Undergrad: 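The structure follows.
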Amino acid sequence: MSPDHPPGLDLDRLRGLFDRERPGLVAGPLSGRLIEGGRSNLTYAVSDGTGSWVVRRPPLGHVLATAHDMKREHRVISALHPTDVPVPRPVLLCEDEEVLGAPFYVMEFVEGTPYRTAEQLAPLGPERTRAAVLNLVDTLVGLHAVDPAEVGLGDFGRPEGFLDRQLRRWAKQLDASRNRDLAGIDELHATLGRELPRSPSPTVVHGDYRLDNVLIGGENDEIRAILDWEMSTLGDPLTDLGLLVMYSSPLGMPDSPVSTTAQAPGHPAPAELIERYAARSGRDVSAVAWYTAFAWFKLAVILEGIHYRYTLGQTVGRGFDRIGDLVPVFIEHGLTTLQKG
């Protein structure tokens, strides 16, 4: 297929859908391209030469519909768009698999940059980097301030027993990819289970909140949109904070295939991010070490799954041969975080 007709995106059928559901929206022939960097779901930029949109669909050949629930993603951004939380404007949801071979949704295209590494942040300079990361915290506070019931998300998840289910879910994921000894990972999981904190009142949880899942742009480097809502639910808001703290902590591994933004000049230290979140949200963050250790555990499990697929020859690309070396580092960070409290 040509770059303007990437796999999984039938532009003629998409144009037909636009004409039926949003007549007058599209003015000319559509072109499309795959946006690199997505995790599991596929993301395309589509344009008619004047307007631009984004299409989100499950991966090609997907099996588990629940793991790639387009209706769920569309629902949460539709609910949040009228609030102060920055999300793309939803355009339409299509559950008819005849159009693209799977359910999908369309949202507005938002200009901005997802900063993934310290190297990408460096050209901003220390002051702009610091402001952008602190704004990331403030935006998270804003998300967690939304009353789920008021925006129609009162039944968006099952907050009761949320942390216990999360721990069991990731332990099950780990068992599915065990093919080597991993020193300390069972100890980390067991300690997390013994020291389960009491959750605050539930909020909408993003589930994968970090700098490269937001678009930053404009003269003031504002956060223009939060992206990738596939793991969102109702649950413990401090899981989002713990993940953000983890991604703001140095890994101590130069040239790692998985990086954090912590080494960028001007990047605030994790303690400052925690303090700012506590001050602006009013939440008790005394158990934040648990949430951060849980984030290290979860990422260790995810990376071990990638390593396991690599050993089976199921991954293609650069860097996969080094993922396995990262897993013990994440385990050690998790254990150390719990020990230091």
Side-chain angles (χ1 to χ4, degrees), residues 38-41 64 66-68 116 140 157-159 161-178 180 182-197 199 202-213 228-253 256-262 270 273-274 285 287-310 323-340:
R39 298 305 184 267
S40 58
N41 292 321
L64 297 176
T66 54
H68 309 284
R116 293 188 170 90
L140 183 63
R158 294 183 296 135
F162 178 74
L163 294 182
D164 181 60
R165 285 200 311 278
Q166 285 282 301
L167 261 183
R168 285 189 279 112
R169 171 191 174 184
W170 291 104
K172 185 177 179 180
Q173 290 283 98
L174 175 63
D175 289 340
S177 56
R178 276 187 190 262
R180 60 174 180 161
L182 287 172
I185 198 160
D186 290 321
E187 177 190 350
L188 177 56
H189 175 255
T191 305
L192 287 167
R194 286 195 303 270
E195 300 178 5
L196 211 67
S199 292
T203 70
V204 177
V205 172
H206 181 273
D208 198 16
Y209 192 78
R210 58 182 191 264
L211 200 58
D212 66 329
N213 272 341
D228 290 357
W229 291 89
E230 59 195 271
M231 300 181 74
S232 61
T233 188
L234 292 190
D236 189 325
L238 297 183
T239 54
D240 277 343
L241 177 63
L243 193 72
L244 180 57
V245 169
M246 189 214 78
Y247 274 111
S248 301
S249 304
L251 270 181
M253 282 188 71
S256 165
V258 176
S259 62
T260 69
T261 57
L273 304 185
I274 296 166
V285 298
V288 69
W290 187 95
Y291 293 93
T292 308
F294 172 65
W296 287 114
F297 172 73
K298 184 169 77 169
L299 265 292
V301 173
I302 291 172
L303 293 174
E304 184 63 14
I306 295 172
H307 170 72
Y308 176 66
R309 290 191 294 276
Y310 168 75
I323 291 291
D325 295 336
L326 272 177
V327 179
V329 176
F330 277 68
I331 295 169
E332 183 58 34
H333 277 292
L335 289 169
T336 302
T337 300
L338 283 178
Q339 289 162 5
K340 291 182 177 179

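Since this is a predicted model, take the numbers as computed values, not measurements.
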Undergrad: Taking the side chain as C-beta and beyond, is there a heavy-atom pair between Arg194 and Thr191 under 4.5 Å?
TA: yes

Undergrad: Could you list the residues that satisfy side-chain hydrogen bond (donor to acceptor under 3.5 Å, both in side chains) with Glu195, not counting sequence neighbours?
TA: none

Undergrad: Can you tell me how far apart OH (Tyr209) and CE (Met231) are? Round to the nearest 0.5 Å.
TA: 16.0 Å

Undergrad: Begin with the C-alpha distance, continue with both residues' side-chain angles, and end with the deciding distance and a verdict on side chain to side chain contact (heavy atoms under 4.5 Å, CB included) for Leu196 and Leu167.
TA: CA-CA 10 Å; Leu196 211 67; Leu167 261 183; 3.7 Å; yes

Undergrad: Within this structure, what is the CD-OG1 distance for the pair Gln166 and Thr239, rounded to the nearest 0.5 Å?
TA: 6.5 Å

Undergrad: Could you go through the side chain to side chain contact (heavy atoms under 4.5 Å, CB included) check for Leu273 and Leu241 one step at a time?
TA: CA-CA 9 Å; Leu273 304 185; Leu241 177 63; 5.5 Å; no

Undergrad: Looking at every heavy atom in both His307 and Gly324, which two are closest together, and how far apart are they?
TA: ND1-CA, 3.4 Å

Undergrad: With rounding to the nearest 0.5 Å, note down the distance linking CD in Glu332 to OG1 in Thr337.
TA: 9.5 Å

Undergrad: Taking only residues two or more places apart in sequence, or in another chain, which ones meet Asp164 in a salt bridge (Lys or Arg N to Asp or Glu O under 4.0 Å)?
TA: Arg168

Undergrad: Would you please name every residue forming a side-chain hydrogen bond (donor to acceptor under 3.5 Å, both in side chains) with Thr261, sequence neighbours left out?
TA: His267

Undergrad: Which residues satisfy the side chain to side chain contact (heavy atoms under 4.5 Å, CB included) test with Ser177, sequence neighbours excluded?
TA: Glu304, Tyr308

Undergrad: Using atom types as modelled, flag every donor-acceptor pair under 3.5 Å from a side chain in residues 290-297 to any protein atom, sequence neighbours excluded.
TA:
| from | atom 1 | to | atom 2 | distance (Å) |
| --- | --- | --- | --- | --- |
| Trp290 | NE1 | Leu192 | O | 2.9 |
| Tyr291 | OH | Asp236 | OD2 | 2.6 |
| Thr292 | OG1 | Val288 | O | 2.9 |

Undergrad: Can you measure from CD (Glu230) to CG (Asp208) and round to the nearest 0.5 angstrom?
TA: 7.5 Å

Undergrad: Checking Ser249 now: which residues fulfil side-chain hydrogen bond (donor to acceptor under 3.5 Å, both in side chains) with it, not counting sequence neighbours?
TA: none

Undergrad: For atom CZ of Arg180, is the number of surrounding heavy atoms from other residues, nucleotides or ligands below 6.0 Å larger than 12?
TA: yes

Undergrad: My understanding is that only residues two or more places apart in sequence, or in another chain, count here; which of them pass salt bridge (Lys or Arg N to Asp or Glu O under 4.0 Å) with Arg178?
TA: Asp175, Asp186

Undergrad: Can you see which heavy atom on Ile323 is nearest to which on Leu303, and at what distance?
TA: CG2-O, 3.3 Å

Undergrad: Kindly write out the residues that satisfy side chain to side chain contact (heavy atoms under 4.5 Å, CB included) with Ala262, not counting sequence neighbours, or none if the list is empty.
TA: Pro250, Thr260

Undergrad: Do Lys298 and Val301 have side chains that get closer than 4.5 Å, going by heavy atoms?
TA: no

Undergrad: Please examine the side chains of Ile302 and Trp170, heavy atoms only from C-beta on, and report whether any two atoms are closer than 4.5 Å.
TA: yes

Undergrad: Just how far is it from atom CG of Leu238 to atom CG of Leu243, taken to the nearest 0.5 Å?
TA: 12.5 Å

Undergrad: Show the nearest heavy-atom pair for residues Val327 and Ala300, with the distance to one decimal.
TA: CG1-O, 3.8 Å

Undergrad: Tell me the closest heavy-atom pair linking Pro270 and Val245, and the distance in Å.
TA: CB-CG1, 3.8 Å

Undergrad: Under the side-chain hydrogen bond (donor to acceptor under 3.5 Å, both in side chains) rule, collect the residues that match up with Thr233, sequence neighbours excluded.
TA: Arg72

Undergrad: Distance check, rounded to the nearest 0.5 Å: Asn213 atom CG versus Arg210 atom CZ?
TA: 4.5 Å

Undergrad: Walk me through it: do Leu234 and Thr203 pass the test side chain to side chain contact (heavy atoms under 4.5 Å, CB included)?
TA: CA-CA 5 Å; Leu234 292 190; Thr203 70; over 6 Å; no

Undergrad: Taking all atoms of both residues into account, what is the closest heavy-atom pair of Ser199 and Leu163, and its distance?
TA: OG-CD1, 3.4 Å

